[in-house]
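Just so it is clear: chains get the letters A, B, ... in the order the sequence lines come, proteins before strands, and each one is counted from 1. Keep in mind the model is a prediction, meaning the values are calculated, not measured.
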Amino acid sequence: MTNNIKQLLENTINKIYSDIIDDQQVNFTVERPNNDKYGDFSSNIALKLASVIKKNPILIAENIVEEIKDKNKMIEKIEIVKPGFINFFIKDSYFQNIVEDVLSENRNYKKTNFGKNKKVQVEFVSANPTGPLTIGHGRQAVLGDTISRILEWNGYEVTREYYFNDAGRQMRLLGESVYARYMELLGEKLKIPKDGYEGGYIKDIAKLFLENYGEKYRNNQSEKIFIDFSTEYMLRSIKSTLKKLNIIHDAYFNEKTLYDNGKIDEILKKLEQKGSTYESEGAIWFKTTEFGAEKDRVLVKSSGEPTYRLPDIAYHAQKLEQDYDQIIDIFGADHHATYPDVVSALKLMDYDTSKIKVLLHQFVTLVRKNKKIKMSTRKGDFITLDELISIAGSDVVRYFFIMRNMGSHLNFDIELAQKETDENPVYYLQYAHARISNVIKHSKLKEIGSFEDGNIELLKEKEEIDILKVISEFEETMELCFTTLEPMYLANYLHKLATYFHKFYQRHRVVTENKELSKSRLKLIKSIKIIFSNCLNILGIEAPENM
RNA sequence: GCGCACGUAGCUCAGUUGGAUAGAGUGACGGAUUCCGGUUCCGUAGGCCGAGGGUUCAAAUCCUUCCGUGCGUACCA
């Protein structure tokens with residue numbers, strides 16, 4: 001819609017001012033003004049043009065309007081205002097027609113094929129299985145899955161991938177911590193290792209271990225089985241938590257693969273050949289300063305063990321060798337310093353890094369009555385994602401995690417999340433959907449019958465046209481979500497849609513003695529319902545028929 | 001110290017590439033709704049957009065300095 005107007009203006013100035021502007025880009029905008037006295041759409045094109053061709057913007061505006069006047073049948077009138085804005089007023093009939101479009105396209109309304117079935121991999125969560133997922137992981141999980149859904153809506157083929165490492169120091173500590181609890185269950189004195197894990201889940205694993213293996217591993221701390229058993233347990237638990245949020249990864253990629261298939265060595269060798277590494281103090285360093293970093297980084301520790309950086313590079317090299325058209329990584333803000341190194345290394349080896357897109361999200365603070373709840377992962381002193389889901393429910397958790405833009409800190413108000421009242425924005429949305437379902441049900445009782453023949457031209461009330469305008473924004477909202485990969489816009493949009501529906505509902509009855517009008521309004525609310533349902537579906541939130 | 005974010009109503013946050021009177025929700029106060037679900041709607045109050053300077057027709061938005069907060073600055077991931 002906005003794009004149509006923009007195109008119209010673009011064509012117009014190319015026609016009238018072709019000699020003056022030739023191939024100069026005029027960076028004008030078309031937007032929906034917040035004040036409706038400025039029309040449905042407004043453009044600053046004349047103001048922008050004024051600085052290029054040194055003419056009075058009002059005059060330019062007049063020339064443009066003269067050219068498009070009466071040529072577009074959806075435009076009711078055009079006004080030129082003060083500094084030089086051009087304001088467009090659209091005919092009601094245009095908005096009324098949207099109802100028919102929505103009803104006929106239904107689930108596919110304004111679905112796009114921008115992706116043309118291109119393959120995109122979205123990597124998210126990727127927490128090592130040392131403990132239950134935290135609230136922070138939750139935000140990433142929901143973001144990753146919602147972004148995947150947005151991509152799918154736009155015709156991409158998405159692979160959701162989870163990267164983890166079940167080797168290394170952290171996992172060793174996990175095994176030792178479980179061992180300590182195991183020995184405790186066998187009546188020994190508890191000796192939790194230094195920096196070990198103290199959360200209650202360790203006891204659960206130990207207990208299950210005991211049930212499976214009895215006393216067989218008494219005094220066998222070094223047994224790898226503690227790590228393997230714990231890893232398997234934690235991965236199962238993580239998957240089950242994600243499933244509660246309706247999130248299922250297509251692939252779990254273990255870092256170990258990169259050692260087994262020689263990728264780590266290969267990459268290290270390549271970097272050495274490029275002369276970008278050197279040895280110092282027994283470690284192998286990567287000359288990151290050559291790419292603008294403050295300091296060089298260690299790739300291989302003096303112990304001979306690589307740091308996380310080297311496998312990260314190898315992993316991404318491998319991703320780029322597969323036939324993905326795009327790679328999306330979702331990381332917490334604490335990773336913002338590390339990924340540029342990965343990209344530099346890949347560039348150095350002539351990989352096409354333009355395929356990689358990194359999205360960083362800020363952290364989550366759990367809040368109760370305006371007070372921060374402090375948490376410590378190691379001590380196990382935290383509310384897990386799993387607990388949060390059981391307290392607040394999947395729909396609320398999903399909505400809360402994407403209702404703020406990912407770049408800003410999120411305060412998760414645990415009390416608000418539990419409220420099943422109008423204070424909770426999720427219920428506000430779902431209630432609107434349920435209400436529509438109910439009205440349609442009611443219309444059947446009143447024997448309105450089929451409303452397929454409802455006349456959309458009867459939708460003339462301000463509240464009706466207003467909500468149709470909101471529906472017309474769906475397309476550009478989705479496009480914004482797609483280009484920015486920021487689901488927040490859709491959350492805000494849904495709230496707006498609900499507001500306008502409730503406003504309409506408050507002032508006008510759908511089912512009345514007037515059968516013709518009832519039918520047209522039923523058509524209207526049915527189309528609203530479809531938009532709700534489509535949007536909620538993209539957000540992975542249920543659209544209930546009743547509540 | 002340095003790097004990257006951020007600072008908008010009492011609170012939580014929107015504000016597309018600079019645009020016309022800076023908006024929502026929530027809290028506070030006051031109203032509406034005999035009705036298809038009172039989990040709804042309407043109104044009022046609340047702001048020098050962290051502070052100063054600059055750029056231009058136009059700045060919450062861009063540049064600069066300062067103040068404040070968060071994250072990073074590991075041979076942890």
So which heavy atom on [X] is nearest to which on [Y], and how close?
X         : Y         : value
Tyr399(A) : Ala491(A) : OH-O, 3.3 Å
Pro83(A)  : Pro57(A)  : O-CG, 3.3 Å
Ile238(A) : Gly131(A) : CD1-O, 4.0 Å

Distance below 4.0 Å between [X] side-chain N/O and [N] OP1 or OP2:
X         : N       : result
Tyr428(A) : rC41(B) : yes
Asn411(A) : rC13(B) : yes
Lys503(A) : rU40(B) : no
Ser408(A) : rA14(B) : yes
Asn34(A)  : rU21(B) : no
Tyr427(A) : rU40(B) : no
Arg435(A) : rG38(B) : yes

*Could you say whether Phe85(A) or Val439(A) is positioned toward the 5' end of RNA chain B, judged by the nucleotide with the nearest heavy atom to each?*
Phe85(A)

_Nearest-nucleotide 5' precedence on RNA chain B, Ala337(A) against Arg32(A)_ = Arg32(A)

Which value, in whole Å, describes the distance between the [atom1] atoms of nucleotides [N] and [M]?
N       : M       : atom1 : result
rG15(B) : rG1(B)  : P     : 31 Å
rA28(B) : rC35(B) : P     : 26 Å
rG50(B) : rU61(B) : P     : 8 Å
rG54(B) : rA59(B) : C1'   : 12 Å
rA24(B) : rA45(B) : P     : 13 Å
rC13(B) : rC57(B) : P     : 37 Å
rG19(B) : rG70(B) : P     : 31 Å
rU33(B) : rG38(B) : P     : 14 Å

Roughly how many Å is it from [atom1] in [X] to [atom2] in [N], rounded to a whole number?
X         : N       : atom1 : atom2 : value
Leu494(A) : rA14(B) : CG    : P     : 17 Å
Glu447(A) : rC36(B) : CD    : P     : 16 Å
Leu490(A) : rU16(B) : CG    : C1'   : 16 Å
Glu461(A) : rC41(B) : CD    : P     : 19 Å
Glu10(A)  : rU17(B) : CD    : C1'   : 14 Å
Lys6(A)   : rU16(B) : NZ    : C1'   : 10 Å
Lys496(A) : rC13(B) : NZ    : C1'   : 17 Å

Do [X] and [N] have a side chain to base donor-acceptor pair shorter than 3.5 Å?
X         : N       : result
Glu281(A) : rC75(B) : yes
His335(A) : rG72(B) : no
Ser302(A) : rC75(B) : yes
Lys48(A)  : rU17(B) : no
Asp334(A) : rG72(B) : no

*asked:* Between Phe253(A) and Tyr315(A), is the ring centroid distance below 6.0 Å?
replied: yes

*Are Phe401(A) and Phe412(A) close enough that their ring centers fall under 6.0 Å?*
yes

*Pick out which of His409(A), Arg404(A), His335(A), Met406(A) makes a side chain to side chain contact (heavy atoms under 4.5 Å, CB included) with His361(A).*
Met406(A)

_Ile465(A), Ile90(A), Asn87(A), Ile5(A) screened by side chain to side chain contact (heavy atoms under 4.5 Å, CB included) with Asp40(A), the one that passes_ = Ile90(A)

So what does [X] hit on the nucleic acid, given a heavy-atom distance under 4.0 Å: a base, only sugar-phosphate, or nothing?
X         : answer
His502(A) : sugar-phosphate
Asn128(A) : sugar-phosphate
Arg404(A) : base
Asn35(A)  : base
Leu47(A)  : base
His508(A) : base
Lys37(A)  : base
Met488(A) : sugar-phosphate
Phe363(A) : sugar-phosphate
Asn87(A)  : base
Ala333(A) : sugar-phosphate

*Can you tell me the pairing partner of rC11(B) across any strand shown, Watson-Crick or G-U wobble, with both distances under 3.5 angstrom?*
rG25(B)

*Please determine which of Asp395(A), Asn424(A), Asn546(A) meets the side-chain hydrogen bond (donor to acceptor under 3.5 Å, both in side chains) test together with Gln430(A).*
Asp395(A)

